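Please read the structure below before turning to the comments.
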There are 2 protein chains.
Amino acid sequence: MLTIGQLAAYAGVTVRAVRHYHQIGLLPEPERDASGYRKYGAPAVVSLIKIRTLAEAGVPLGRIARMLDADGTAFAEAVERIDAHLRAEIDRLENSRKQVAQLAAGDSLVLPPPVVAYLDRLREIGASERMLAGERDGWILIAARWPGKVAEWIPDKFAQLEDPRIVRLYQVLSALMETKGLDDPLVLEAVDLLVELAEEAEAAGFDSGVAEGDDMFFALLDNLADESDDRAWRLRELMRERGWDGWTRMRRVTGQA
Amino acid sequence: MLTIGQLAAYAGVTVRAVRHYHQIGLLPEPERDASGYRKYGAPAVVSLIKIRTLAEAGVPLGRIARMLDADGTAFAEAVERIDAHLRAEIDRLENSRKQVAQLAAGDSLVLPPPVVAYLDRLREIGASERMLAGERDGWILIAARWPGKVAEWIPDKFAQLEDPRIVRLYQVLSALMETKGLDDPLVLEAVDLLVELAEEAEAAGFDSGVAEGDDMFFALLDNLADESDDRAWRLRELMRERGWDGWTRMRRVTGQA
DNA sequence: ATCAAGGGTTGACGCTGCGTCAGGGTCAAG
DNA sequence: CTTGACCCTGACGCAGCGTCAACCCTTGAT
């Protein structure tokens with residue numbers, strides 16, 4: 001005859017767990033001795049080991065209860081479902097491993113490889129780390145919004161970097177983010193470049209290729225840009241004076257009062 | 001500007017989860033609009049996606065909080081630990097899969113393969129399913145008590161089955177468990193066989209090979225036998241009249257008053 | 001015979017990560 | 001002006017035990 005502690009030790013579970021199983025009716029309450037101690041026989045050990053095996057596999061206790069008094073066929077079916085669930089869980093964790101590893105790599109995270117390559121290219125042309133962080137965050141949003149489209153747009157972004165003015169723009173903006181001042185002549189250069197490029201794009205008929213209803217999403221991206229640096233607002237103001245607004249999708253504004 | 005619902009949708013989590021993250025300080029509370037609605041910017045989406053990625057990997061929210069405002073090195077270390085944990089978890093689940101699969105196979109469970117082979121042999125010589133179930137439970141206990149020793153003992157058990165009297169004993173006991181009566185002549189045959197074999201073993205000097213202090217464990221195994229069938233007690237009584245007691249480790253008794 | 005250590009007993013609260021009411025207020029559309 | 005779809009706070013519920021608390025029982029040493 002076993003005490004609860006011995007039973008628990010044999011089965012490799014805690015005393016508390018055994019009592020819990022009693023409480024929820026998963027393991028039947030055994031007889032008590034004169035002083036109220038529970039006393040167990042061997043079958044309890046066997047049951048407990050079965051329960052532990054299933055519980056460690058992640059089977060909810062409620063389902064274990066139903067399994068233990070099911071017939072052979074039903075039991076086999078249940079086992080099949082459990083195995084399927086285990087496989088799914090394993091896959092999920094393997095996936096998490098990749099995701100988290102990318103998190104450590106800094107870039108990527110939920111970013112598709114082409115975007116990572118693009119970010120690497122930006123780093124090569126001299127974009128600062130803060131700049132890259134901002135770009136990365138933006139692409140995370142974009143990838144979340146249009147998971148499939150990203151691969152289509154990245155080539156265009158690469159193509160843009162062929163234009164030395166765009167390279168210069170990234171460099172200027174990067175430099176701005178690393179300095180503290182506001183009245184830097186770099187600000188003016190940045191605005192000049194932005195306006196010039198915007199007007200050129202307008203002349204070419206921008207064709208963003210994106211649905212109209214997504215104004216809110218672009219506002220979100222612009223907001224991201226604004227919050228990445230305090231001086232973003234100042235830059236934007238200067239651009240508005242020159243008739244343009246927006247970061248990710250620029251548009252004409254009528255010079256306001 | 002996003003509402004909490006939009007934010008949650010972008011990041012692929014529930015509204016409730018976002019509010020929970022606010023409550024525990026994992027995600028900072030944003031500004032409110034005039035009517036008290038929370039309004040989020042883009043950085044919140046990025047944070048949320050990071051949080052979700054880590055949370056899905058099984059990282060406790062408290063640790064995520066500490067990770068997000070850790071520096072690069074500490075973050076990388078944390079990621080390393082998380083990955084180690086993920087690998088361990090995957091291994092554990094793979095293991096569970098095997099265990100559960102054996103559960104389905106009926107035999108085994110936590111039983112090493114040699115025992116399964118032995119049980120199969122028993123089935124071949126005509127042991128009933130109830131008998132096998134009892135044997136299996138016994139071996140589960142033994143495997144739990146002496147995990148390493150089992151492989152040593154199984155060959156002896158196979159060897160015993162070379163003796164036709166032992167085969168006969170299993171068959172008789174199996175037959176008894178399938179009938180309902182008690183006064184069956186099979187009972188007498190079983191007792192005869194048991195006593196004969198016990199005396200022979202005694203003459204050979206049994207050498208159980210097991211420590212002395214394990215009386216309690218054998219009592220447990222005997223108890224398992226007793227509870228496997230109501231007539232076990234009757235059999236045991238008859239044996240005691242012939243000077244023997246116990247199932248798994250028989251010993252002389254002085255014929256009691 | 002006594003006493004402390006180390007079992008056992010019930011009962012209850014704590015923890016994680018939210019789901020899910022309840023009981024409101026708001027916003028956009030018809 | 002209603003309707004439906006959001007938003008708000010506050011609170012309880014869930015699994016699967018861990019961890020007190022406050023008490024009783026058993027056992028071996030003294």
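Numbers restart at 1 for each chain; the letters A, B, ... are given by sequence-line order, proteins then strands. Since we're looking at a predicted model, the values are computed, not measured.
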A:Asp245 and A:Arg240: CA distance, side-chain angles, deciding distance, salt bridge (Lys or Arg N to Asp or Glu O under 4.0 Å) verdict: CA-CA 5 Å; A:Asp245 193 24; A:Arg240 266 195 292 265; 3.1 Å; yes
Nucleotide range of DNA chain C lying under 4.0 Å from chain B heavy atoms: C:dG17 to C:dC27
Whole-Å distance separating the CD atom of A:Glu56 from the P atom of D:dG16: 13 Å
Touch class at under 4.0 angstrom, heavy-atom based, for B:Leu61 against every strand present: sugar-phosphate
A:Asn95 vs B:Glu56, side-chain contact (heavy atoms from CB on, under 4.5 Å): CA-CA, chis, key distance, verdict: CA-CA 10 Å; A:Asn95 217 311; B:Glu56 282 177 352; over 6 Å; no
Aromatic ring pairing B:Tyr40/B:His22, orientation class (parallel under 30°, perpendicular over 60°, tilted between): parallel
Nucleic acid contacts of residues 30-38 of chain B, taken as heavy-atom distances under 4.0 Å to DNA chain D: B:Arg32, B:Gly36, B:Tyr37, B:Arg38
Closest contact, heavy atoms only, A:Trp247 versus A:Ala232: CZ2-O, 3.4 Å
CG on B:Leu61 to CD1 on B:Ile51, rounded to 0.5 Å: 8.0 Å
A:Arg234 and A:Glu237 ion-paired at < 4.0 Å: yes
Distance in angstrom units between B:Tyr40 OH and D:dC8 C1', rounded: 11 Å
Residues which pass side chain to side chain donor-acceptor pair (under 3.5 Å) with A:His20, listed by chain and number, not counting sequence neighbours: none
Interface residues of residues 83-97 of chain B with DNA chain D (non-hydrogen, below 4.0 angstrom): none
Ionic contact status for A:Arg87 with A:Glu80, cut-off 4.0 Å: yes
Any donor-acceptor N/O pair, A:Arg136 side chain to A:Leu119 backbone, under 3.5 Å: no
Integer-rounded Å distance: D:dA5 C1' and B:Gln6 CD: 12 Å
Non-hydrogen atoms of B:Ser96 and A:Ala57 that approach each other most closely: OG-CA, 3.6 Å
Sugar-phosphate, base or nothing in reach of A:Ile4, heavy atoms under 4.0 Å: sugar-phosphate
SB check B:Arg38 B:Glu31 (cutoff 4.0 Å): no
Atom pair CE/CD of B:Met177 and B:Glu129 - distance to nearest 0.5 Å: 11.0 Å
Atom of B:Leu27, atom of B:Ser47 and distance for their closest heavy-atom approach: CD1-CB, 3.8 Å
Distance-minimising heavy-atom pair for B:Met1 and B:Gln6: O-OE1, 4.0 Å
Note, A:Ile4 side chain near A:Tyr37 side chain (heavy atom, < 4.5 Å): no
Proximity to DNA chain D (any heavy atom under 4.0 Å), residues of residues 15-23 of chain A only: A:Arg16, A:Ala17, A:His20, A:Tyr21
Ion pair check, B:Arg92 and B:Glu89, cut-off under 4.0 Å: yes
Angle by which the axis turns from one end of the helix from C:dA1-D:dT30 to C:dG30-D:dC1 to the other, five pairs per end, to 10 degrees: 10°
Nucleotide D:dG16, atom C1' - distance to CZ of A:Arg52 in whole Å: 16 Å
